[in-house]
2 protein chains.
Amino acid sequence: MIRISKDYDVRKQEFLDAAQKLFYEQGYDQTSVNTIIDYVGVSKGTFYHYFKSKEDLLDALAERVARQRLEQLHSIVEDRKLSALEKFNGYFAGSRGLIEKSEDIAKAVLRVMYEDENILLRHKARVRSMELVVPELGKIIAQGVQEGTFNVPYPERTAEMILMLGGELKDIYARLFLELDEKPENISLAKQLIDQYEDAITRMLAAPEGSIRFHEQLNLRDFLV
Amino acid sequence: MIRISKDYDVRKQEFLDAAQKLFYEQGYDQTSVNTIIDYVGVSKGTFYHYFKSKEDLLDALAERVARQRLEQLHSIVEDRKLSALEKFNGYFAGSRGLIEKSEDIAKAVLRVMYEDENILLRHKARVRSMELVVPELGKIIAQGVQEGTFNVPYPERTAEMILMLGGELKDIYARLFLELDEKPENISLAKQLIDQYEDAITRMLAAPEGSIRFHEQLNLRDFLV
DNA sequence: CAGTCTAGACCGACGGTCGGTCTAATTTAG
DNA sequence: CTAAATTAGACCGACCGTCGGTCTAGACTG
């Protein structure tokens with residue numbers, strides 16, 4: 001076999017890129033280490049030179065995904081021209097992700113990601129994202145309290161709860177989306193769900209009724225990822 | 001080898017009992033099918049006669065756990081003497097579980113259950129519990145709306161969100177509990193968390209301030225399981 | 001500048017474990 | 001007595017992770 005040496009970081013990113021693609025397409029359990037090394041074009045030994053276990057790779061991937069998400073958010077938080085309410089609504093509206101490209105690809109990804117078997121992948125990504133995002137969302141809420149729009153004693157705790165709810169909601173939402181072909185009524189169910197979520201958030205923040213609105217800017221497809 | 005035949009249901013329960021004990025002690029992944037059959041004292045063939053896969057056993061266990069939890073709740077819901085508020089607070093106070101017996105055992109169980117590796121076990125139990133419990137808690141909330149204590153448009157949806165929040169909260173709570181020895185400050189963190197949860201629920205239900213109180217009846221240990 | 005040395009990227013056969021299958025033997029019900 | 005249900009345990013392929021060892025770019029030496 002030909003031997004190709006690469007810079008450490010370059011190679012590591014290759015592994016992460018491969019993992020992201022393969023895990024999303026086939027799931028974590030269903031993707032063997034052999035599949036990964038075949039895809040990257042290296043040997044077993046090389047893999048274990050970079051990661052101490054398959055799960056170690058998963059952790060690294062979760063970390064990378066979480067950081068990417070954080071950067072996305074950071075530009076909004078630091079914008080001094082925006083009110084807390086605008087930031088808040090903007091954050092949730094900005095969650096639109098892969099679905100714009102192709103609905104088929106999106107469905108395939110979701111189908112895999114939201115199988116029970118892949119709960120570990122989702123869980124790790126979510127936990128790490130939470131750790132990073134909670135403080136940022138907390139800042140937005142704190143700003144809102146100062147501006148008099150919101151009223152909560154501990155902004156970060158509230159941010160935590162809002163995000164926990166959001167995370168669980170995505171699960172349900174994904175399921176509704178995937179069943180859309182068989183159950184057209186899911187569209188109204190999903191809308192109802194978002195309404196409820198908006199309402200719950202509004203109440204938790206003690207925000208003016210109707211001020212929290214990311215709903216209209218979204219269609220059924222945009223909420224995920 | 002001696003052969004022991006047993007009634008179908010008896011044997012099936014034996015498997016479930018063994019799984020419950022072993023999964024709780026060692027985790028799902030760490031408990032091999034061989035470990036289970038050794039514990040029950042039967043062969044591979046017997047195992048696969050009763051369950052079509054290891055995950056099938058997990059599903060069955062999740063189902064059993066969820067049903068047990070439902071029965072516990074059902075007696076409260078059907079009590080005609082209680083107001084919705086009493087039922088609501090009673091339900092949450094009634095969540096105290098295994099911890100009364102021994103703190104050490106509880107810690108061991110939690111330590112295993114709340115490792116990332118065992119997320120699948122937790123996830124399945126939670127999803128199935130939710131499906132069964134949401135309608136019951138929905139009934140309580142609906143009663144509360146009729147009594148004028150609560151004010152929500154869709155009781156079941158609200159129940160869903162309250163339970164989702166509760167489920168996630170348990171995760172954090174468990175972590176705080178497990179770190180208690182190293183971090184005594186977790187006690188106040190945990191209290192703060194519960195306060196926040198009470199507050200969030202109160203706002204989501206539009207219940208009178210201070211009416212939702214399962215807090216005092218619990219100590220740090222009782223909230224889990 | 002030619003020769004040497006070395007860090008560390010890379011290789012792939014291999015061990016041990018696991019979930020799951022299969023056939024034969026035994027027990028039980030009718 | 002016999003058909004169906006149940007149980008035993010040898011067996012299988014796939015998997016993760018280990019290990020001893022190879023190869024090469026670039027630093028160092030004389």
Side-chain angles (χ1 to χ4, degrees), chain A residues 1-20 22-23 25-62 112 115-121 124, chain B residues 1-23 25-62 112 115-121 123-124:
Chain A
M1 188 166 183
I2 336 149
R3 222 185 164 93
I4 302 174
S5 269
K6 298 202 181 179
D7 181 75
Y8 184 88
D9 289 324
V10 173
R11 186 62 97 194
K12 191 147 194 172
Q13 291 302 319
E14 280 182 15
F15 277 118
L16 290 173
D17 293 341
Q20 188 155 30
L22 294 170
F23 289 171
E25 280 176 1
Q26 322 180 19
Y28 174 70
D29 283 333
Q30 292 310 310
T31 305
S32 73
V33 173
N34 278 320
T35 311
I36 296 168
I37 63 176
D38 286 350
Y39 186 85
V40 177
V42 297
S43 73
K44 247 323 174 32
T46 305
F47 179 90
Y48 283 96
H49 178 67
Y50 285 89
F51 303 95
K52 69 181 216 295
S53 68
K54 186 185 175 187
E55 191 169 346
D56 189 34
L57 169 62
L58 178 58
D59 289 337
L61 180 59
V112 172
E115 274 168 11
D116 281 344
E117 285 74 28
N118 288 306
I119 180 76
L120 180 61
L121 172 52
K124 293 219 171 194
Chain B
M1 183 158 188
I2 335 151
R3 244 182 145 91
I4 303 173
S5 272
K6 296 202 180 178
D7 180 76
Y8 184 87
D9 289 324
V10 172
R11 177 109 304 159
K12 190 146 193 171
Q13 291 302 319
E14 279 182 14
F15 277 119
L16 290 173
D17 291 342
Q20 188 155 33
K21 177 180 163 63
L22 293 170
F23 289 170
E25 279 175 4
Q26 322 180 19
Y28 175 69
D29 283 333
Q30 292 309 309
T31 305
S32 71
V33 174
N34 278 318
T35 312
I36 296 167
I37 63 176
D38 285 351
Y39 185 85
V40 179
V42 297
S43 71
K44 262 290 181 57
T46 306
F47 178 90
Y48 282 95
H49 177 68
Y50 285 89
F51 303 94
K52 70 181 213 296
S53 70
K54 187 187 176 188
E55 191 168 345
D56 188 35
L57 168 64
L58 178 57
D59 289 338
L61 180 59
V112 172
E115 272 168 12
D116 282 343
E117 285 73 28
N118 288 305
I119 180 73
L120 181 62
L121 172 52
H123 176 71
K124 293 220 171 193

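Chain letters run A, B, ... following the sequence lines, proteins first and then strands; every chain starts at 1. What you are looking at is a predicted structure, and each value in this text was computed from that prediction instead of being measured.
Remark: A:K54 fails to qualify as a cation-pi partner of A:F47 under the 6.0 Å distance and 45° angle criteria applied to the six-membered ring. At least one cation-pi condition fails for A:K124 and A:Y28: the charged atom is not both under 6.0 angstrom from the six-membered ring centre and inside a 45 degree cone around its axis.
With respect to B:D116, the side-chain contact (heavy atoms from CB on, under 4.5 Å) criterion is satisfied by exactly one of A:L58, A:D59, A:L120: A:L120. The one candidate from A:V112, A:T35, A:N118 that meets the side-chain contact (heavy atoms from CB on, under 4.5 Å) condition with A:Q26 is A:T35.
Rounded to whole angstrom, the span from the CD atom of B:Q26 across to the P atom of C:dC18 amounts to 11 Å. Summarising the geometry, the separation between NE2 on A:H49 and P on D:dC19 is reported as 16 Å, rounded to the nearest angstrom. The distance from atom CZ of B:F51 to atom P of C:dT21 is 15 Å, rounded to the nearest whole Å. As a whole-Å value, the separation of B:K12 NZ from D:dT6 C1' is 14 Å. Atom pair B:R11:CZ and D:dA8:C1' shows a separation of 12 Å (rounding to whole Å applied).
By the 30° and 60° cut-offs, the orientation of the rings of B:F15 relative to B:Y50 is tilted.
Between A:Y50 and the phosphate of C:dC10, there is a side-chain N or O to OP1/OP2 separation shorter than 4.0 Å. For the OP1/OP2 pair of D:dA8 and a distance below 4.0 Å, the side-chain nitrogens and oxygens of B:T46 include at least one atom meeting the criterion.
Residues that satisfy the salt bridge (charged side-chain N to carboxylate O under 4.0 Å, His left out) test with B:D56, not counting sequence neighbours, are absent from this structure.
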Between protein and nucleotides 14-17 of chain D, what N or O pairs are separated by less than 3.5 Å?
from: D:dC16; atom 1: OP1; to: A:K54; atom 2: NZ; distance (Å): 3.0
from: D:dC16; atom 1: OP2; to: A:V33; atom 2: N; distance (Å): 3.0
from: D:dG17; atom 1: OP2; to: A:Y48; atom 2: OH; distance (Å): 2.9
from: D:dG17; atom 1: OP2; to: A:K54; atom 2: N; distance (Å): 2.8
from: D:dG17; atom 1: N7; to: A:K44; atom 2: NZ; distance (Å): 3.1
from: D:dG17; atom 1: O6; to: A:K44; atom 2: NZ; distance (Å): 2.8

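Heavy-atom nearest nucleotides on DNA chain D were determined for B:S43 and for A:G45, and the one closer to the 5' end corresponds to B:S43.
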